[in-house]
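As structure tokens, the structure follows; a few thoughts come after it.
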Amino acid sequence: MTAPRMADCINSTCPWSGKPVQPDSLTMYDGQVVGFCNPGCRDKFERAIRHFEKAQAAQPDSMPR
């Protein structure tokens, strides 16, 4: 897997802070490169996604998603 690139980033400002995206703070989400202002904001996003995905997986199969 190749590292996310600034040229592929879908946003120019951090969703948490509104500050400009930095090249060392990129991640992949749903096939897209998403950027953040610092690694802390990126990591906060990745933890939130993991928490959400874990909660989704715990839902019974009979529940609509």
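Keep in mind it's a predicted model, so treat the numbers as computed, not measured.
Note on residues 45-58: no pairs pass salt bridge (Lys or Arg N to Asp or Glu O under 4.0 Å), not counting sequence neighbours. Residues in residues 15-28 take part in no salt bridge (Lys or Arg N to Asp or Glu O under 4.0 Å) pair, two or more places apart or across chains. Among residue pairs with one or both ends in residues 2-16, those qualifying as salt bridge (Lys or Arg N to Asp or Glu O under 4.0 Å) are R5-D8; sequence neighbours excluded.
Atom CZ of residue R42 and atom SG of residue C14 lie 11.5 Å apart, to the nearest 0.5 angstrom.
Here the closest non-hydrogen pair linking S25 and C37 is OG-C, 4.0 Å. Among all heavy-atom pairs drawn from P4 and L26, the shortest one is O-CD1, 3.6 Å.
Taking the side chain to side chain contact (heavy atoms under 4.5 Å, CB included) definition, one finds that P15 meets it with N11, F36, sequence neighbours left out. Residues passing the salt bridge (Lys or Arg N to Asp or Glu O under 4.0 Å) test with D43, sequence neighbours excluded: none.
Grouping the Ile, Leu, Val, Met, Phe, Trp and Tyr side chains by contacts below 4.5 angstrom, directly or via other members, places V34 apart from M6. Following chains of ILVMFWY side-chain contacts shorter than 4.5 Å, one cannot reach I49 starting from V33, and the two form parts of different hydrophobic clusters.
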